[in-house]
Chemist: 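I have a structure here, written as structure tokens, and I will follow up with some questions on it.
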Amino acid sequence: MKNRICAALSAVQTAVILRQSTLDAKGFLFVFFAFFLAQSSAVSIYNIFIYPFYRSPLRHLPGPKDNTPVLGQSLSLLLAPSPNALYLKWMQQFPDAPLIRYLHFKNSEWLLVNSLQVVKDMLQTCCYDLEKPEWFHKIVGEIAGVGLVNAEGELHRKGRKGLGGSFSVSNVKKIFPVINEKSQILSGIIDDAVQKNPDEPIEVSSLMNHNAIDVMGVAALGVELNSLATSGSTFTHIYETMFNQPPIGQAIFFLNMFIPIRRFLPWVKANTDYLHATTEVRRLLMQTIRERKAEVFGKGKGEKGEGARKEFTEEGSRDFLTFMLYEKTVEGWSDEEIHGHLMNFMSAGHETTAECISWGIQTLCLHPHIQDRLREEINRYIPHDGPPSYAELEKLKYMDNFLKEVLRCYSPSVLIPRSSSTPIRLPSAPHTLIPPGTTLYISPSVLHFNPTIWGPDAHVFNPDRHGPDHPSAKLYPSSRDPFANLAFSVGPRICIGKRFAALEIKSVLVTVLRAWEVRRGWDADGNKLQGGEEFVGHGNQREGARYEGPEGDLLAGIKVVNFLSLRPSKGIWVKFRKID
Ligand code: HEM
């Protein structure tokens, strides 16, 4: 925008000069670029060095002042030990500030949200007055496509309506046997590994990733990807390249939010690998859409055939792709739109779910008594060896609380950002005029570890705190506010896959806990314990914490990747012992 205005102004100024002189084409270009350079430099100097410090209506808000010149806090955020670390530090430093102002790249102003009221305004009251920021569209669009995640306004409402059926209880129930089947395969793989080497820890986060990819393959695409059986499918490799980038890849990813540099770095391997992965996932999904269309509508017909409809419904095939092709509500959706939704499901749906299960197992290793209580509940309400039914899972109340606590302490989603294209005042902060383009940043961890919401033990893992009779219900009523649990977000843009994800997580945990006792298999630095070595330390919690802060203790030595979600960088090593 800034460049377009400067270019238009420069063109007018050059035209005025041209009328008074006889310049040739070269001279014309020279004058134009000279004007353009001078004007855009002046605007940049104003935006970077003057506006945020002397003019901005946000300049008096509390926030960190230890900025790096021009880069603000961006370098510190990039180098932080976790995607939450700095935000949690600021939450502790400015406990009473509903909005914490910090400077980002080129001294752009960002606001960290530190109040439930502001969260409510952003995600509910003003949901459609705010949009996802331009930088988010750019970076998440590369990984997750357009789909719902990047749709705004009317397009988003239409998408939600059209996709509601795919994620309804009845459709999710139809997919449930697939989820259970994959959990069984997962258990079989653990069994094989333990039989070969009983004392050797197993890395669970990549295992859970393979499981989640296989589930999404069948649920979203109707395709068996066989990641678990073959230790990785093409999709697994693609997503590993995207999510597991080396430091140079992360730096490019980060810079690309502000300056489109990817195409200028064809010699950097991390960049070309990443670009190849995004092109390849698009190609594979487009190919799957074409093939399914041919199956559903008949080759080359491009129209619905009644015969095909019968065949598919009788088989009960209700993967999301087939559902989208059939549903009347979405008739007329282009391949491009369907592709966007599939990209969303594949990337938003597998990594987050796998991380949640992995952190869940990590906490079970740290808290054997929680493991015992869960196992006891499972054995009571699912008193058979077969896969759990939907109704049986619904009876597991302690499991529900455990899952809530895992999502509170280890929210896989680390950012819920919004911005406005016009100046806006939020109802809960009417005196703060938020200029257009300012990023309002919700880091779920800031609300999840806030002692004013959860009490002084907010940093402690305790599933019981979610129980209806727990004292915190009366002492800290805000902890019962739906907006205090942000792992799936809340409001019209709440995660559409929430129910599906919860089912998958519980299915895996039930399968694992019925068959296995899990024990810590990582040392104080998160490395795999060798052979029969056991972890010795004073209380698993404190040992190996990488940094001070509410989250540091809970990570128990496991280092995380400072990227788009809470992902362990060296995996999570776990010892499994068969329960007789
Ligand atoms: C533990 C697992 C999951 C977590 C923690 C999670 C978290 C989230 C969060 C926080 C959002 C809101 C983002 C925002 O508004 O900025 C979201 C949106 C979304 N999620 Fe999930 N998700 C999970 C699983 C899934 C699954 C399994 C699917 C699909 C099968 C899925 C598909 C989506 C989609 C399509 C959206 C966009 C919704 C919209 O904007 O209306 N997610 N998710």
Side-chain angles (χ1 to χ4, degrees), residues 113 119 122-124 127-128 130-133 135-137 139-141 143-153 155-164 166-168 171-172 175 178-179 208-209 211-213 215-221 319-321 323-324 337 340-360 403-404 406-419 439-445 447-448 483 485-509 564-567:
V113 177
V119 168
M122 281 174 63
L123 301 181
Q124 183 80 52
C127 175
Y128 285 110
L130 298 169
E131 295 187 343
K132 305 222 170 150
W135 60 263
F136 181 89
H137 281 300
I139 59 164
V140 174
I143 287 183
V146 179
L148 268 188
V149 171
N150 272 315
E152 301 291 355
L155 197 64
H156 178 260
R157 283 198 185 92
K158 180 187 152 209
R160 260 333 264 221
K161 200 162 155 238
L163 290 170
S166 312
F167 291 90
S168 64
N171 202 45
V172 169
I175 297 171
V178 173
I179 296 179
M208 297 309 156
N209 246 288
N211 176 62
I213 279 267
V215 169
M216 283 319 293
V218 180
L221 309 178
D319 59 80
F320 302 149
L321 170 56
F323 201 99
M324 280 191 269
E337 283 172 299
H341 291 310
L342 291 182
M343 277 277 273
N344 276 194
F345 302 153
M346 291 305 289
S347 38
H350 91 270
E351 177 81 13
T352 43
T353 313
E355 280 166 13
C356 183
I357 302 173
S358 308
W359 288 115
L403 183 51
K404 278 187 194 156
V406 172
L407 286 163
R408 184 184 76 85
C409 294
Y410 305 90
S411 170
S413 43
V414 294
L415 74 166
I416 306 179
R418 297 289 186 267
S419 76
T439 294
L440 283 151
Y441 194 100
I442 298 177
S443 160
S445 66
L447 285 304
H448 290 180
F483 288 86
N485 291 292
L486 290 170
F488 288 113
S489 186
V490 195
R493 301 205 73 139
I494 188 173
C495 173
I496 200 168
K498 178 180 174 178
R499 188 180 292 127
F500 182 93
L503 215 53
E504 184 178 334
I505 296 163
K506 287 183 195 172
S507 166
V508 172
L509 289 178
L564 286 174
S565 58
L566 196 71
R567 182 185 235 258

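Indexing begins at 1, ligand by ligand and atom by atom, following the structure's order.
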Chemist: Could you grab the distance from atom OG1 of Thr352 to atom NZ of Lys498, nearest 0.5 Å is fine?
Modeler: 13.5 Å
Chemist: Can you list the ligand 1 atoms lying under 4.0 Å from a non-hydrogen atom of Phe500?
Modeler: 27 (C)
Chemist: Is there a side-chain contact between Val215 and His350 (heavy atoms, below 4.5 Å)?
Modeler: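 When only atoms from C-beta onward are counted, His350 and Val215 do not touch, as no gap falls below 4.5 Å.
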Chemist: Under 3.5 Å, side chain of Asp319 to main-chain N/O of Ala219, donor-acceptor pair present?
Modeler: no
Chemist: Once you round to the nearest 0.5 Å, how far does CG of Leu415 lie from NZ of Lys132?
Modeler: 9.0 Å
Chemist: For the backbone of Tyr441 and the side chain of Thr439, can you confirm whether one donor and one acceptor N or O come within less than 3.5 Å of each other?
Modeler: no
Chemist: Under 4.0 Å from any heavy atom of Ile416, which atoms of ligand 1 are there?
Modeler: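 Once the distances to Ile416 are compared, the set is 14 (C), 16 (O).
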Chemist: Aromatic contact between His156 and Tyr128, with the criterion being ring centroids under 6.0 Å apart: yes or no?
Modeler: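 When the ring centroids of His156 and Tyr128 are compared, they turn out to be within the sub-6.0 Å range.
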Chemist: Answer yes or no for Glu504: is there a heavy-atom contact with ligand 1 below 4.0 Å?
Modeler: no
Chemist: May I ask you to identify, for Arg418, whether its side chain, its backbone, both or neither come under 4.0 Å of ligand 1 on a heavy-atom basis?
Modeler: side chain
Chemist: Look at the aromatic rings of Phe167 and Phe500 and report parallel, tilted or perpendicular, splitting at 30° and 60°.
Modeler: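 Because their plane-to-plane angle is over 60°, the rings of Phe167 and Phe500 count as perpendicular.
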Chemist: Just list the side-chain donor-acceptor pairs under 3.5 Å for residues 501-508, sequence neighbours left out, or say none.
Modeler:
unit_1: Lys506; atom_1: NZ; unit_2: Asp400; atom_2: OD1; d: 2.6
unit_1: Ser507; atom_1: OG; unit_2: Asn180; atom_2: OD1; d: 2.9
unit_1: Ser507; atom_1: OG; unit_2: Ser183; atom_2: OG; d: 2.7

Chemist: Sequence neighbours excluded, which residues qualify as salt bridge (Lys or Arg N to Asp or Glu O under 4.0 Å) partners of Glu351?
Modeler: Arg567
Chemist: Of the side chain and backbone of Arg160, name the one, both, or neither that has a heavy atom under 4.0 Å from an atom of ligand 1.
Modeler: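 For Arg160, the contact with ligand 1 is made by the side chain alone.
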Chemist: Counting non-hydrogen protein atoms only, what is the nearest one to atom 30 (C) of ligand 1? Give residue, atom name and distance.
Modeler: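 For this ligand atom, the closest protein heavy atom is Met216 CE, 3.4 Å.
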Chemist: Does some non-hydrogen atom of His350 fall short of 4.0 Å from ligand 1?
Modeler: no
Chemist: For atom 21 (Fe) of ligand 1, report each protein N, O or S atom nearer than 2.8 Å, sorted by chain and then by residue number.
Modeler: Cys495 SG
Chemist: With heavy-atom distances below 4.0 Å as the criterion, list the atoms of ligand 1 near Leu148.
Modeler: 40 (O), 41 (O)
Chemist: Listed by chain and number, what are the salt bridge (Lys or Arg N to Asp or Glu O under 4.0 Å) partners of Glu131, not counting sequence neighbours?
Modeler: none
Chemist: So is Phe136 touching ligand 1 or not, going by heavy atoms under 4.0 Å?
Modeler: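 Contact absent.
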Chemist: To the nearest 0.5 angstrom, please state how far the SG atom of Cys356 sits from the CG atom of Leu403.
Modeler: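 Those atoms lie 5.0 Å apart.
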Chemist: For ligand 1, which atoms, with element, lie under 4.0 Å from some heavy atom of Lys132?
Modeler: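 Under 4.0 Å from Lys132, ligand 1 has these atoms: 14 (C), 15 (O), 16 (O).
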